[in-house]
Number of protein chains: 4
Amino acid sequence: MGNFRRVPVGIVGASGYGGVQLVRLLMEHPEVELAYLGGESSAGKSFADLYPHLAHAVNLPIEAVEPEIIAHRCEVVFLSLPNGLACQIAPKLVEKGCKVLDLSADYRFSDLATYTTWYGAERSDRTTAATAVYGLPELYRDRISEAQLVGCPGCYPTASLLALSPLLKQGLIVPETAIIDAKSGTSGGGRQAKVNLLLAEADNSLAAYGVVRHRHTPEIEQVCSELAGHEVTIQFTPHLIPMVRGILATVYATLRDPGLVRDDLITIYTAFYRNSPWVKVCESGVYPQTKWASGSNLCYIGVEADPRTGRVIVMSAIDNLIKGQAGQAIQCLNLMMGWDETLGLPKLGFYP
Amino acid sequence: MGNFRRVPVGIVGASGYGGVQLVRLLMEHPEVELAYLGGESSAGKSFADLYPHLAHAVNLPIEAVEPEIIAHRCEVVFLSLPNGLACQIAPKLVEKGCKVLDLSADYRFSDLATYTTWYGAERSDRTTAATAVYGLPELYRDRISEAQLVGCPGCYPTASLLALSPLLKQGLIVPETAIIDAKSGTSGGGRQAKVNLLLAEADNSLAAYGVVRHRHTPEIEQVCSELAGHEVTIQFTPHLIPMVRGILATVYATLRDPGLVRDDLITIYTAFYRNSPWVKVCESGVYPQTKWASGSNLCYIGVEADPRTGRVIVMSAIDNLIKGQAGQAIQCLNLMMGWDETLGLPKLGFYP
Amino acid sequence: MGNFRRVPVGIVGASGYGGVQLVRLLMEHPEVELAYLGGESSAGKSFADLYPHLAHAVNLPIEAVEPEIIAHRCEVVFLSLPNGLACQIAPKLVEKGCKVLDLSADYRFSDLATYTTWYGAERSDRTTAATAVYGLPELYRDRISEAQLVGCPGCYPTASLLALSPLLKQGLIVPETAIIDAKSGTSGGGRQAKVNLLLAEADNSLAAYGVVRHRHTPEIEQVCSELAGHEVTIQFTPHLIPMVRGILATVYATLRDPGLVRDDLITIYTAFYRNSPWVKVCESGVYPQTKWASGSNLCYIGVEADPRTGRVIVMSAIDNLIKGQAGQAIQCLNLMMGWDETLGLPKLGFYP
Amino acid sequence: MGNFRRVPVGIVGASGYGGVQLVRLLMEHPEVELAYLGGESSAGKSFADLYPHLAHAVNLPIEAVEPEIIAHRCEVVFLSLPNGLACQIAPKLVEKGCKVLDLSADYRFSDLATYTTWYGAERSDRTTAATAVYGLPELYRDRISEAQLVGCPGCYPTASLLALSPLLKQGLIVPETAIIDAKSGTSGGGRQAKVNLLLAEADNSLAAYGVVRHRHTPEIEQVCSELAGHEVTIQFTPHLIPMVRGILATVYATLRDPGLVRDDLITIYTAFYRNSPWVKVCESGVYPQTKWASGSNLCYIGVEADPRTGRVIVMSAIDNLIKGQAGQAIQCLNLMMGWDETLGLPKLGFYP
């Protein structure tokens, strides 16, 4: 292989589910090597203490988070931290020349006032934030390719926006009629000890949460507004589902032209995503199951039209931890590095 | 106790989940005794062959289905059969004087043309069908009290209609904006060997099905239209959830008066259901979990308003096999017999 | 009904799963009334804050734990506390004349040295402890009937001992060959926020824990030794199963007489439990499923003999929160009060 | 890459879970190409009809099973059929020069009389059967390397034998004391519509099955006997666990030398498997979870000794569909072809 050199990458916040997915996927990525794992509360432990099943493959400590040192060792840094922490680290990493992919909400907003309204914190990194690109490759492939700092979308916005974008972009729906009823596995809540995420509580049960006020709403609206060309307000309702992985977004909207039939819409979706290797539009009459996507970076989309009500119903299924989180970040990295968008990412779900 | 006599009841179709729930609940009902269990394919077996855990409590055979004999032995008959079979038996039972509670779709429609359109079968029992009452006690308490034949609602319509009725009855929403996104445990598919209901397929997964064409749609629309005073078309989308029991219906609709706030709506719901012992309206900011209702005949309703979109979001949670099926049928029986509506029905869910 | 008076009962530690099961079951018990709910960390809240789905039925505050006041208001007190706390409260309650049922390990041991060895704490309540009776009615019905203080068995010991007792009592097995491979749902871990009990961790997974050192071991051995008439050492291995409720104990032991066949053993078990209404011995060739017991106070036992190996294999299934905890405590109460042993307890599982 | 040529492989019985796992894994294997998929009942369909989520990656029909044609197109054939069918096809494929890997029981037995006793069918392919090698690489690496026909082990025997082999091989235990208490996810039952495998039946429940007579018993005994050097009878009890994937075998045996402590045993296991890349022995005090192995070809082994009882307890965890089935077959293929044993197989589980 001669002078082949793998790109050294680091992960800050390696202890959570985002972290472990990044570790697993990056270890199988042919162009990178894991050079650094960092964390706050877990600093000093080894990664194998947290995930013993990977002890045979990952022999790295969780180190303290010191941006200078990280930048010295890594060309690329993934930040997988709670909201409000990335914005304290990213500016230094960017300044030192690192490519940075943030998995939190900190760099998702073009208008930081929106961030402050929904996340309740002021921001002092406006200059850095202004350079950030929203990391949804299917919509912003070109921008991501040239970005140094990418704010990766949340899991719900990924599923929701992939379902809605063709409709908004082509002006096929009345935007304000859009309703997103989303359902997520409990791993979306992270590896945190919370009573409501206990198996004994969450299994064999189902409920909505964050109704009318979930923090992923403004992120969805920001992109929808850009696609629609004007300010759009969206109804978004998340639900907690008794399963580990997966998101299904069921999206409803009123068609401007009620004469559009299912097959028309499928043709439009297929065309819209023809250059997007990670989106698969289902055949007529087929609706996606989240299990299909489980373990892969794919998003499956099913489309239905209802001539009785004049609505389109779109269902999108992703693995919340891969296309909804770690996989998408790596997809963005592939673009930022000029690699093939599919490099190193799983394309076959581990069904059943 | 002197001349106390329990009312003899029979169940036709005792082998399925509806049947076993009826058996369990009727055995704990203080006014009835199980006098007959019938079935087609399971005739000749004992009930304990099908449900060995009840062998200690239920010592009854599954008998052939002969209406004359059933009517001779039972004052009340529950029909828990696939669609299209009850209508072959019910007329004879009614004629013989039995009170009949049908759990299938056969007697849910005031217009049999709707039945034929959605269920694909012609009907020859128009006279009998004309006497049937729709068995949703919260709306039709008086009619049920005087009925001899009750067509018990489906599980989805029960959750959906309890969520929607106060809004439609009071004219608070634009009816055609109503969207019902419903989620059900897999026991709703019955005790039938189907690949898509296998644990290996359905667990850790989630999908919509029957989009824009599920057979529970016309039943929901029939009641909504009656409440609204004009023909109403509803969007209804069911989803299969990886859990055994429970339905959550998440209902969206546009308020006529966008100034209505959550607490106004909760007051309206509370008033609407003040005489309905089986409906519990949640406090402000509380959304129901299906697990709360599990094992009980209760329906929990949570209400939210979104000033940003002008919509109301209503969530209703039931146990699909109890309030959505067997429990509701017994609730109807209580009314038909002049007993207290809560008699013999479980009111405390078996959380967790 | 004239001067009928319900017995006032209290629950100290009402916030956990043991507590909520006690509340639910005691509310449906015809002879008692809930007079007091107490807790440490949850004092000051209402019970409905913790379990909103019971708000319609339980309107009681969680009060501070003051034994004098509790004893004044309650004739019977259930202690559902972490190990090591009951022994600080029980002596005062007993002294004041209360009947006390402790669900923790504190009063399960006839020899407190065993307690100290396995639970690591010295005890100063030897006089009180000496009066405690082990609350397994199927073995100690008479003692419980006359007890004022009952130490209710753990969930694993209940399943294990009901499986082993006939064999040991009749001298049918070589005691030291007994191996108990037990499997429990995660509700056995309580309503505590622990990472390993999260749905995302525990679902779709399975592991042993506490191998060779689980604290339920000495309790099982104490009873086995008493039955065998000499000191017995038992192999006990618990496993965490991805389900909410239920325990299955699979018990292996070498038969003294390898000529004993399955039907002999079933006859012996049936005879042994003929006066035990809560134990059901399965027919030949039938093995119990935990779901059968779910929601009931029953223990189902299946028996198999292996002529190839000379072993008996016994499987016992219970609901860990009912027969394994709250239901069994109430069964003991029934005996202590001279009521029918089955009073107020659920006998039909909520299958499926 | 020049004259690089992928080896054409076929799968007979591609429609089940074994089939879909083979397809997925073989598609990611760098040295092979899928050249043929065959099936009986599904012949004429496309593979994507059965597994729509793979439509984007697998564009192959399910063809009729004609050995001549298969042998013409494939160098290697995997047989993933119900027991009793492979033995009708394999002889012809072997005769035509194919390498054959059978996933059923047909070629697992060195003595066909054992097969006939446990599987109830006579066999006419004795010559072919005599050449078959038992496909457990950790024990029979050399034989497999030279085999043309491999009978791949069942899922339970794989987990059981990897746990037991070091003990038997080194003579550390009394063989007849060995008890295997095994627990499997429901995917082990295949993609067949059976009532007991429905989510509504199997979820939140647990039971033993096939007690004292499961067909995997003789296969385990055959290998144990070979390792022990004399005929060994084993106790084997499988359980159905409410999860999709995974097997945990908990193995109990009496140590010949009760002075052996845990760390001694871990040293012995580590040495035994030092050349086995797919077996990972856990650190002292760590017990494997099935989720660790999920999605990988790994077997995790935890070892514990009990000085109180003189027993060793070994826990082994595998993914039943990978190391327990399709992955192991490919591991065997790697050996048969002279490739690295780990080639193309997943080594990082998809936790959580």
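Throughout, a chain's letter reflects where its sequence line sits, starting with A, and its residues are numbered from 1.
Proximity of B:Leu79 to B:Gln88: side-chain heavy atoms (C-beta onward) are nowhere separated by under 4.5 Å. The shortest side-chain heavy-atom distance between D:Trp278 and D:Lys347 falls under the 4.5 Å cut-off. By the 4.5 Å heavy-atom criterion applied to side chains, D:Ile330 and D:Asn297 are not counted as neighbours. B:Asp319 places none of its side-chain heavy atoms less than 4.5 Å from the side chain of B:Lys323. Between D:Leu22 and D:Leu103, the closest side-chain pair of non-hydrogen atoms falls below 4.5 Å. With a 4.5 Å cut-off on side-chain heavy atoms, B:Arg215 and B:Asn83 count as touching. Proximity of B:Ile318 to B:Leu298: side-chain heavy atoms (C-beta onward) are nowhere separated by under 4.5 Å.
Ring geometry, D:Phe236 versus D:Tyr156: the interplanar angle exceeds 60°, so the pair is classed perpendicular (tilted spans 30 to 60°).
Interface with chain D: from residues 199-212 of chain B, residues B:Leu199, B:Ala200, B:Glu201, B:Ala202, B:Asp203 qualify, criterion being any non-hydrogen pair under 4.5 Å. Residues of residues 238-247 of chain D that come closer than 4.5 Å to chain B, counting heavy atoms only, are D:Pro242, D:Met243, D:Val244, ordered by residue number. The interface of residues 37-49 of chain B with chain D, defined by heavy-atom distances below 4.5 Å, is empty.
Both tests hold for B:Arg191 against B:Tyr51: distance to the six-membered ring centre under 6.0 Å, angle to the ring axis within 45°.
Exactly one residue among B:Ser316, B:Cys152, B:Pro153 makes a side chain to side chain contact (heavy atoms under 4.5 Å, CB included) with B:Thr158. That residue is B:Pro153. Applying side chain to side chain contact (heavy atoms under 4.5 Å, CB included) to D:Val251 and the options D:Ile301, D:Ile180, D:Asp181 leaves one that passes, D:Ile180.
Atoms CG and OG, from B:Leu345 and B:Ser296 in turn, are 9.5 Å apart once rounded to the nearest 0.5 Å.
B:Lys291 is linked by a salt bridge (charged side-chain N to carboxylate O under 4.0 Å, His left out) to nothing, counting only residues two or more places apart in sequence or in another chain.
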